[in-house]
Amino acid sequence: MSGNAAITGGEEIRLNKEILVQLCAVQAEIQDLQRRIHSLEMFLKDPPVVGDVVKGTRRDGTIGPIKITGIPEPRYVQKEKLCKRYKYIMERKEEELLELTCQAEEYIQSIEQSELRTMLRLRYIDGLTWIQVACQMNCIFPKRRIKYTEDNCWKKNQRFFENVGSCRVKM
């Protein structure tokens, strides 16, 4: 086996690790977009009404103060356009997330240890926290002598990626 093959394989492993990191980032970005879209939709559903009182006499002969109310048109239109733009961006990000999820699934499936594959799926594909991963792992493997904890799940993840990283360049 040549040195180039080891570097190429290591780069492939490193890139796959980066896919998991990128997957988490895109999931967070989509959540942020959903929050922004929801906020804008709430504004558009029930826009603030502004009012003003005009004093004086109108041309039709009405005397006294007149109250004028309405929706601030430029602000409403601007938020409507922004909401449409966010929805467009959201569609693109969901497509990107689907592609990254497929790549991450392929990478995780290539890992030899079943326990680690399950743990990584829960963390990176399902987006669970480490404590949630530990709870799920305890449900999946109820007969395990030593129960899963947040720390030992995180540590297994760290060890796996340290070992993968150290295999990157073999000469």
Side-chain angles (χ1 to χ4, degrees), residues 10-53 67-111 113-142 144 147-165 168:
E11 288 174 357
E12 181 180 323
I13 290 170
R14 186 169 36 90
L15 290 175
N16 286 327
K17 177 185 173 184
E18 290 171 6
I19 286 171
L20 297 178
V21 172
Q22 185 65 22
L23 179 67
C24 290
V26 172
Q27 288 171 338
E29 189 175 3
I30 286 175
Q31 285 179 344
D32 181 57
L33 282 170
Q34 287 171 337
R35 181 189 57 79
R36 291 171 188 273
I37 289 170
H38 178 72
S39 174
L40 287 169
E41 285 176 341
M42 294 306 291
F43 174 87
L44 296 172
K45 180 180 174 184
D46 189 22
V49 177
V50 294
D52 195 13
V53 176
K67 185 175 182 179
I68 301 170
T69 60
I71 299 170
E73 179 72 20
R75 189 169 164 206
Y76 184 86
V77 170
Q78 179 186 25
K79 295 221 179 209
E80 194 174 41
K81 286 179 183 177
L82 188 58
C83 187
K84 287 178 184 177
R85 184 169 182 209
Y86 280 155
K87 285 180 179 181
Y88 175 78
I89 293 170
M90 174 75 97
E91 289 175 14
R92 302 288 82 75
K93 287 295 169 189
E94 286 174 342
E95 290 172 9
E96 181 181 352
L97 179 65
L98 183 60
E99 179 62 32
L100 282 170
T101 302
C102 290
Q103 291 175 11
E105 280 283 1
E106 289 173 9
Y107 172 61
I108 290 171
Q109 192 57 37
S110 71
I111 298 169
Q113 300 171 357
S114 173
E115 174 190 45
L116 190 58
R117 283 196 307 265
T118 303
M119 201 177 291
L120 294 178
R121 271 193 201 98
L122 291 170
R123 174 66 176 158
Y124 296 103
I125 304 296
D126 297 341
L128 302 181
T129 63
W130 284 115
I131 196 156
Q132 292 170 326
V133 169
C135 290
Q136 285 294 318
M137 292 296 287
N138 285 323
C139 291
I140 294 169
F141 301 104
R144 188 171 191 253
K147 296 294 180 193
Y148 290 95
T149 65
E150 175 182 12
D151 290 338
N152 69 17
C153 289
W154 178 80
K155 201 66 170 163
K156 279 183 185 284
N157 178 68
Q158 289 299 107
R159 280 190 210 115
F160 172 73
F161 286 119
E162 284 172 4
N163 291 337
V164 168
R168 192 166 47 229

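In this text, all values refer to a predicted model and were calculated from it rather than measured experimentally.
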Open item on the list: Keeping N152 on the side-chain end and Y148 on the backbone end, is there a donor-acceptor pair under 3.5 Å?
Closed with: no
Task: Polar side-chain atom of S39 near backbone of R35 as donor-acceptor pair, under 3.5 Å - done: no
TODO: May I ask you to decide if the ring planes of F160 and Y107 are parallel, tilted or perpendicular, using 30° and 60° as cut-offs?
DONE: tilted
Task: Straight-line distance of M119 CE to W130 CH2, nearest 0.5 Å - done: 7.0 Å
- [ ] Enter the distance from I108:CD1 to I111:CD1 here, rounded to the nearest 0.5 Å.
- [x] 6.0 Å
Open item on the list: If we count only N and O atoms by modelled type, under 3.5 Å, do the side chains of Q109 and R121 hold a donor and an acceptor together?
Closed with: yes
Open item on the list: Could you check whether any side-chain N or O of Q27 sits under 3.5 Å from a backbone N or O of I125, counting only pairs where one atom can act as donor and the other as acceptor?
Closed with: yes
- [ ] Please test R123 against N157 for side-chain contact (heavy atoms from CB on, under 4.5 Å), starting from the C-alpha separation and ending with a verdict.
- [x] CA-CA 10 Å; R123 174 66 176 158; N157 178 68; 5.8 Å; no
TODO: Taking atom types as modelled, find out whether E99 and Q103 have a side-chain donor-acceptor pair closer than 3.5 angstrom.
DONE: yes
Task: F43 side chain reached by R75 side chain, heavy atoms, under 4.5 Å - done: yes
Task: Distance, nearest 0.5 Å, that separates NZ of K147 from SG of C135 - done: 11.0 Å
TODO: Considering non-hydrogen atoms only, spot the tightest contact between C153 and A134 and give its length.
DONE: SG-CA, 3.8 Å
Task: Steps toward side-chain contact (heavy atoms from CB on, under 4.5 Å) verdict (N138, R144) - done: CA-CA 8 Å; N138 285 323; R144 188 171 191 253; 5.7 Å; no
Task: Over all atoms of both residues, closest heavy-atom pair of K156 and L116 - done: O-CD1, 4.3 Å
Open item on the list: Rounded to the nearest 0.5 Å, what separates atom NZ in K87 from atom CG in L33?
Closed with: 12.5 Å
- [ ] Supply the atom-to-atom distance T129 OG1 to E150 CD, rounded to the nearest 0.5 angstrom.
- [x] 7.0 Å
Open item on the list: Looking at every non-hydrogen atom in both residues, tell me the closest pair between A104 and L23 and how far apart they are.
Closed with: CB-CD2, 3.8 Å
Task: Lys/Arg-Asp/Glu bridge criterion (N-O < 4.0 Å) met for E162, R159 - done: no
Task: Minimum side-chain heavy-atom gap Y124-E105 below 4.5 Å - done: no
Task: R85 atom CZ, neighbour heavy-atom count above 12 within 6.0 Å - done: no
TODO: Output the distance between atom CD1 (I140) and atom OG1 (T118), rounded to the nearest 0.5 Å.
DONE: 5.5 Å
Task: Intermediate values then yes/no, side-chain contact (heavy atoms from CB on, under 4.5 Å), L122 and Q132 - done: CA-CA 9 Å; L122 291 170; Q132 292 170 326; over 6 Å; no
